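Read the structure below first, then the notes.
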Protein chains: 2
Amino acid sequence: MEHCGRLFCTPLTDRPSNQIGAAMDSSRLPANARLLPCELCPLRPRPALREFSPEELAFVKSFKVDELRVAAGTNFLRERTQSEHLYTVLSGWAFRYKLLDDGRRQILNYAIPADMLGLQGAIMKEMEHSVDALTPMALCVFPRTRLWDLYSRFPSLAFDITWLAAREEQHIDENLLSLGRRSALERLAYLLLHLFARAEEVGLTQNRSVQFPFTQQHLADSLGMSLVHTNRTVQRLLATKIVRWNNRVFEVVDRDELAVLAGDEAQPRVPRPFI
Amino acid sequence: MEHCGRLFCTPLTDRPSNQIGAAMDSSRLPANARLLPCELCPLRPRPALREFSPEELAFVKSFKVDELRVAAGTNFLRERTQSEHLYTVLSGWAFRYKLLDDGRRQILNYAIPADMLGLQGAIMKEMEHSVDALTPMALCVFPRTRLWDLYSRFPSLAFDITWLAAREEQHIDENLLSLGRRSALERLAYLLLHLFARAEEVGLTQNRSVQFPFTQQHLADSLGMSLVHTNRTVQRLLATKIVRWNNRVFEVVDRDELAVLAGDEAQPRVPRPFI
DNA sequence: CCACGGCATTCAAATTTGATATAGCGCATC
DNA sequence: GATGCGCTATATCAAATTTGAATGCCGTGG
């Protein structure tokens with residue numbers, strides 16, 4: 001299973017039990033009852049997220065028509081498809097990726113709680129990437145049919161959606177800079193630091209450590225390197241003692257040093273929208 | 001000037017006469033008179049662009065407060081800056097890029113007529129990339145202060161802006177796939193084919209050829225490769241006879257073959273918004 | 001005429017890959 | 001409770017890709 005960047009390495013998509021249909025069935029029966037109401041959303045109070053007016057909150061609550069729970073490995077948004085829904089991650093990790101015909105895979109970005117998924121599929125003709133769950137997830141489900149309603153009645157929320165799209169673009173821009181111009185070690189340091197910072201924003205960290213759910217193969221497919229080289233680079237990073245990483249627990253020992261390695265000017269964060 | 005990916009190679013940013021201030025002065029004096037009215041916009045009639053309702057057209061016309069002309073090489077949007085304006089390219093080419101501290105440069109994408117620039121700077125705290133003109137350009141200038149007005153009164157245009165942001169993201173996603181997982185030759189073929197296709201959309205092509213304004217150094221900085229390797233790869237591509245490229249004129253001899261090389265499933269285009 | 005920017009080419013050196021092998025762990029099954 | 005399987009992590013090594021430095025050529029514009 002060493003074919004770096006090949007789909008074959010992690011053929012989760014092949015398991016019929018992990019298809020979207022099956023996943024939805026399991027959460028469909030009680031329909032509306034078990035929905036977490038938006039006013040009790042555990043994410044909303046986070047300081048990193050902007051507050052809502054009561055009207056906005058009421059609208060979003062009505063906009064949310066379902067809550068989807070998927071198992072780790074589920075492929076719940078598919079390339080070349082127009083998805084009927086827009087999602088916000090409530091809990092769990094996912095990753096966006098693209099495939100080449102021969103199975104080479106490039107991971108574009110990771111999604112964590114408070115991130116929106118499926119906007120492309122809702123707004124354009126079709127998605128040009130797929131999304132897989134990396135852990136069990138809970139997702140708020142919004143129907144694309146009411147997106148127009150949102151744009152008409154709540155320009156503030158429309159603005160937020162554009163903001164989120166622009167932010168996602170910034171993330172990929174950074175990533176493109178990494179792949180194009182950073183060395184393997186810088187690239188790795190940058191990715192890990194940024195995932196850590198984003199996880200921190202939504203309260204996924206304790207002290208200086210996070211539970212990272214991905215394997216080195218995911219890392220390799222994110223960094224545009226082979227598994228072998230990724231492994232060596234991880235070893236090299238660990239040898240610096242700047243970070244620790246055992247089992248799936250990642251710990252930042254010296255954040256400043258890591259930032260230097262990553263060639264990253266830590267930018268001050270402002271409260272971000274979240275729908 | 002061989003330091004691949006270094007700013008020093010094309011130190012246009014250093015010429016004081018090319019700064020934004022100077023550029024704006026030269027087009028400031030007659031203020032409003034020489035503005036091309038939106039109803040006469042040469043781009044609007046293009047089949048690739050979606051039509052406007054009369055109301056939309058009237059609003060956009062009032063939204064456009066100026067027309068900026070910049071010389072080739074002008075750096076008119078700057079990283080770490082919040083721009084006061086939003087631009088649409090009327091004519092000419094530009095490129096978006098990011099720099100690392102030591103001058104390594106990654107070109108993120110190119111902008112051609114009908115593309116929007118500066119959205120990040122208008123919507124978020126600040127831009128995280130810069131934009132330079134590659135040729136002399138004309139740009140429609142929209143004030144960010146009225147963006148909120150647009151979102152409140154014209155949800156359809158707000159939707160278009162989100163659409164454009166999502167599309168830009170798709171382009172970068174593709175690029176990320178290239179840098180991460182395509183070989184040097186595939187990468188080059190993909191970039192050239194896609195620039196050709198985009199140019200075609202807005203009528204920049206004649207038969208099977210375009211005037212490409214960039215140098216091999218730009219190409220190298222787009223593809224995340226060194227100048228040397230880029231040059232060799234260009235030679236290799238030319239040797240296949242699939243394309244021709246003399247002076248700055250690029251000609252696609254066998255488009256299907258080029259698409260195969262690029263590993264690209266040519267997707268049917270739908271009319272896109274344009275503001 | 002000369003300087004300079006862009007393109008082409010060479011070569012040794014560094015980075016990165018692919019193939020392959022081994023070991024540990026968790027999990028389902030017998 | 002032992003066994004086997006799949007997935008993950010680690011390691012090694014020869015081969016391929018990619019780089020950096022250097023050099024020459026050519027056309028354009030002061």
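Keep in mind that what you see is a predicted model, and the values were worked out from it rather than measured. Chain naming here is simple, since letters A, B, ... match the order of the sequence lines and numbering starts at 1 in each. Computation of the quantities below employed the complete heavy-atom set of this structure, encompassing side-chain atoms and omitting hydrogens, waters and symmetry-equivalent molecules.
Out of D/dT18, C/dT9, D/dT10, the shortest distance to the side chain of B/His229 is found at D/dT18. For B/Thr215, whose side chain is taken as the heavy atoms from C-beta onward, the closest listed nucleotide among C/dG18, D/dT18, C/dG6 is C/dG6. When each of D/dT10, C/dG18, D/dG20 is scored by its nearest atom to the side-chain atoms of A/Gln216, the top-ranked nucleotide is D/dT10. Closest approach to the A/Ser226 side chain among C/dT17, C/dG6, C/dT9 is made by C/dT17 (side chain taken as heavy atoms from C-beta onward).
Distance, B/Arg181 CZ to C/dT16 P: 13 Å, rounded to whole Å. As a whole-Å value, the separation of A/Leu223 CG from C/dT16 C1' is 13 Å. Between B/Gln217 atom CD and C/dA8 atom P the separation is 14 Å, expressed in whole Å. Note: CG (B/Leu227) to C1' (C/dC7) measures 8 Å, nearest angstrom. Distance A/Phe214 CZ to D/dC7 C1': 17 Å, rounded to the nearest Å. Distance, A/Leu179 CG to C/dT15 P: 18 Å, rounded to whole Å. The nearest whole Å value for the distance from the CH2 atom in A/Trp245 to the C1' atom in D/dT8 is 12 Å. Distance CZ (B/Arg232) to C1' (D/dT19): 9 Å, rounded to an integer number of Å.
Evaluation of the side-chain contact (heavy atoms from CB on, under 4.5 Å) rule for A/His171 yields A/Asn109, A/Arg167, A/Glu168, A/Arg198 as partners, not counting sequence neighbours. By the side-chain contact (heavy atoms from CB on, under 4.5 Å) test, B/Pro136 is found to be paired with B/Ala72, residues two or more places apart in sequence or in another chain being considered. Legend: residues meeting salt bridge (charged side-chain N to carboxylate O under 4.0 Å, His left out) with A/Arg244, ordered by chain and number and at least two apart, are A/Glu251. Legend: residues meeting side-chain contact (heavy atoms from CB on, under 4.5 Å) with B/Val249, ordered by chain and number and at least two apart, are B/Ser209, B/Gln211. For A/Ala94, the side-chain contact (heavy atoms from CB on, under 4.5 Å) criterion is met by A/Phe76, A/Ala111, A/Leu117, A/Val131, A/Met137, not counting sequence neighbours.
In this structure, B/Gln235 reaches the C/dA8 phosphate: one of its side-chain N or O atoms is under 4.0 Å from OP1 or OP2. One finds a side-chain N or O of A/Asn231 lying less than 4.0 angstrom from the OP1 or OP2 phosphate oxygen of D/dT10.
An end-to-end axis angle of 30° holds for the helix from C/dC1-D/dG30 to C/dC30-D/dG1, taken from five base pairs per end and rounded to 10°.
Note that B/Arg96 lies outside the cation-pi zone of B/Tyr110, set by a 6.0 Å cut-off to the ring centre and a 45° limit from the axis.
Contact check on A/Asp221 versus A/Arg104 returns no salt bridge, with no Lys/Arg side-chain nitrogen under 4.0 Å from an Asp/Glu carboxylate oxygen.
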